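Just so we're clear, the structure is a prediction, and the values are computed from it rather than from any experiment.
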Amino acid sequence: MDAGTSQSGQMSAALEAGAGDELAAAPLNTKQAFGPIVFAADAAFAAPLATALRSLAESNMQAWPLDIHVLSEGMDEATKQRIAGSMPENSAAIKWHSIETLSFASQFATRPGVSKMTFARLLLPRFLPATCDRALYLDADVLVLDTLEPLWDLNLDGAVIAAVPDYCLDRAAAKSSPAPETSLSVERYFNAGMIFLDFEKWRSERISERALEYLDHFPTTEYADQDALNFVCDGRWKELQQTWNFQFDPSQVIARTLREQNLKIVHFVTNVKPWRSGSLSPNVGFYDAFRSRTRFALTHRERLSSALKRVCSRLVARSALLTSMKSRVRSIGQRRSFRALKVNRGFDHG
């Protein structure tokens, strides 16, 4: 695809600009056994980000201090300090990289409830050192439950990235024609909430630039940059076991699944987020156990308010269900009465 005078032109300029002073302040060891690990979040995702970072640190104590990079938008210094203070002492060095997503993504659409920060993944080459050969990207709506060390020993077999198939969209991608859910046709479809990257190949194959070119042509593609990355990485990614990016239905209980599977990373991919006040997720308590160890721990009043909202939501849902059931029963009764009437009329004419 030809980028032309487009959003990808702005992207290319941004990639060539480098990371400036922030990157200069983040030197990297010449031989790196573990890291860097990159997140992207805006101010609205400060609490989930702090919780994800806390779970990451607690599960990877052998790799302290962790090399963490956060691409952020709209976060003031107080919020950054609060997030950093949520980590165990000496567990990580966090490098903050402020970006303006609208400078290159203003014309790109996202699904309802999805922040423009989703496009920050495409800026990774700008913020990581040229000496970086591998990196791990994680969405902020995850919990890390086990060591990530095996990833750094992973043989990518020539692939650009390693990822986990999307638990819904991968099935759609298996169709012979382009899937309406993705607006593209690929062999397999991965979830971009966890990507392990070979940066040398990422740069040499111009993954970021080509993804932007795709978005220039299809700015309303349903799954935004995830669609774009699947397009440009088609046939060039290594499949990981689902435990590395465990995606699940809103009704699934993670604590129960943990007893059956060795989950590494759990990803809250649906709109039923366990940290939202009044959430009906069955994983509210599981998630809050991690959040309570951050500086975003809920107060007693906030917990009561959330519990009350949850009760009200359940009552509303139950009332709606009862109304629906009553309506269905009436409908069935009316159909039966109508059939009985037809039968009786039949006898009368006989």
4.5 Å side-chain heavy-atom contact, Met194 and Leu136: yes
Nearest heavy-atom contact between Leu229 and Ala192 is CD1-CB, 4.4 Å
For Phe268 and Tyr287, run ring-ring contact (aromatic ring centres under 6.0 Å, His included): C-alpha distance rounded to whole Å, both residues' side-chain angles, the deciding distance at 0.1 Å, then the answer. CA-CA 10 Å; Phe268 299 95; Tyr287 188 88; 5.6 Å; yes
Could you give the distance from OG1 (Thr294) to CG (Leu49), rounded to the nearest 0.5 Å? 10.0 Å
Can you give me the closest heavy-atom contact between Pro36 and His69, atom names plus distance? CB-CD2, 3.6 Å
Would Arg82 pass as a cation-pi partner of Phe296, given that its NZ or CZ must be under 6.0 Å from the six-membered ring centre and within 45 degrees of the axis? yes
Could you pull out the closest heavy-atom pair between Phe39 and Ala52, with the gap in Å? CE2-CB, 4.1 Å
Non-hydrogen atoms of Ala163 and Trp237 that approach each other most closely: O-CZ3, 3.6 Å
To the nearest 0.5 Å, what is the distance between SG on Cys168 and OH on Tyr223? 7.5 Å
Can you confirm whether more than 12 heavy atoms, excluding those of Gln241, are under 6.0 Å from its CD atom? no
Do Leu215 and Asp227 make a side-chain contact, defined as non-hydrogen atoms from C-beta onward lying under 4.5 Å apart? no
Using atom types as modelled and distance alone, determine if a side-chain donor or acceptor of Thr110 lies under 3.5 Å from a backbone N or O of Ser115. no
Would you call Lys80 and Glu77 a salt bridge, taking side-chain N to carboxylate O under 4.0 Å as the test? yes
Stepwise, does the side chain to side chain donor-acceptor pair (under 3.5 Å) test hold for Ser277 with Lys309? CA-CA 7 Å; Ser277 182; Lys309 289 180 182 178; 3.3 Å; yes
Note: Arg293-Glu58 ion pair, threshold 4.0 Å (strictly below): yes
Could you please spell out the steps behind the side-chain contact (heavy atoms from CB on, under 4.5 Å) verdict for Ile83 and Arg295? CA-CA 7 Å; Ile83 292 171; Arg295 293 194 178 177; over 6 Å; no
So, for Leu154 and Arg134, which heavy atoms are closest and what is the spacing to 0.1 Å? O-NH2, 2.7 Å
Would Phe119 and Phe108 satisfy ring-ring contact (aromatic ring centres under 6.0 Å, His included), going step by step from the backbone distance to the final call? CA-CA 9 Å; Phe119 298 104; Phe108 303 150; 5.5 Å; yes
Just so I know, are the side chains of Phe286 and Ser281 near enough to count as touching, which here means a heavy-atom distance under 4.5 Å? no
Where is the tightest heavy-atom contact between Ala228 and Ala211, given as atom of each residue plus distance? CB-O, 3.5 Å
Thinking salt bridges, do Asp67 and Lys95 make one under a 4.0 Å N-O criterion? yes
Spatial distance of atom CZ (Arg54) from atom OG (Ser292) [nearest 0.5 Å]: 9.0 Å
Between Asp141 and Lys273, is there a salt bridge with N-O shorter than 4.0 Å? yes
Taking Asn230 for the side chain and Phe190 for the main chain, is one N or O donor matched with an acceptor at less than 3.5 Å? yes
Pair Ile161, Trp202 - check side-chain contact (heavy atoms from CB on, under 4.5 Å), show working. CA-CA 8 Å; Ile161 64 171; Trp202 182 284; 3.8 Å; yes
With sequence neighbours left out, the residues meeting side-chain hydrogen bond (donor to acceptor under 3.5 Å, both in side chains) with Glu302 are Thr299
When rounded to the nearest 0.5 angstrom, what is the spacing between OG1 in Thr221 and CD in Gln226? 10.0 Å
Quick check: do Phe246 and Ile265 have side-chain heavy atoms less than 4.5 Å from each other? no
ring-ring contact (aromatic ring centres under 6.0 Å, His included) between Trp275 and Phe45: does it pass, once the steps are laid out? CA-CA 10 Å; Trp275 60 83; Phe45 246 67; 5.6 Å; yes
Heavy-atom check, side chain of Leu128 versus side chain of Phe199, under 4.5 Å: yes
Is Glu205 salt-bridged to Arg236, going by a charged N under 4.0 Å from an acidic O? yes
Check whether the ring centres of Trp152 and Phe196 lie less than 6.0 Å apart, and answer yes or no. yes
Cut-off 3.5 Å, no hydrogens considered: what does the side-chain donor-acceptor table look like for residues 250-262, sequence neighbours left out?
residue	atom	partner	partner atom	Å
Gln252	NE2	Thr257	OG1	3.0
Thr257	OG1	Val253	O	3.1

Does any non-hydrogen side-chain atom of His267 lie less than 4.5 Å from one of Val164? no
Which residues pass the side-chain hydrogen bond (donor to acceptor under 3.5 Å, both in side chains) test with Tyr137, sequence neighbours left out? Asp139
Heavy-atom check, side chain of Asn60 versus side chain of Gln62, under 4.5 Å: yes
Where do Thr118 and Asp225 land on the side chain to side chain donor-acceptor pair (under 3.5 Å) test, with the steps shown first? CA-CA 7 Å; Thr118 186; Asp225 63 310; 2.7 Å; yes
Could you walk me through whether Asp198 and Asp133 pass the side-chain contact (heavy atoms from CB on, under 4.5 Å) check? CA-CA 6 Å; Asp198 180 323; Asp133 57 352; 5.9 Å; no
Would you say the side chain of Val38 lies within less than 4.5 Å of the side chain of Phe127, judging by non-hydrogen atoms? no
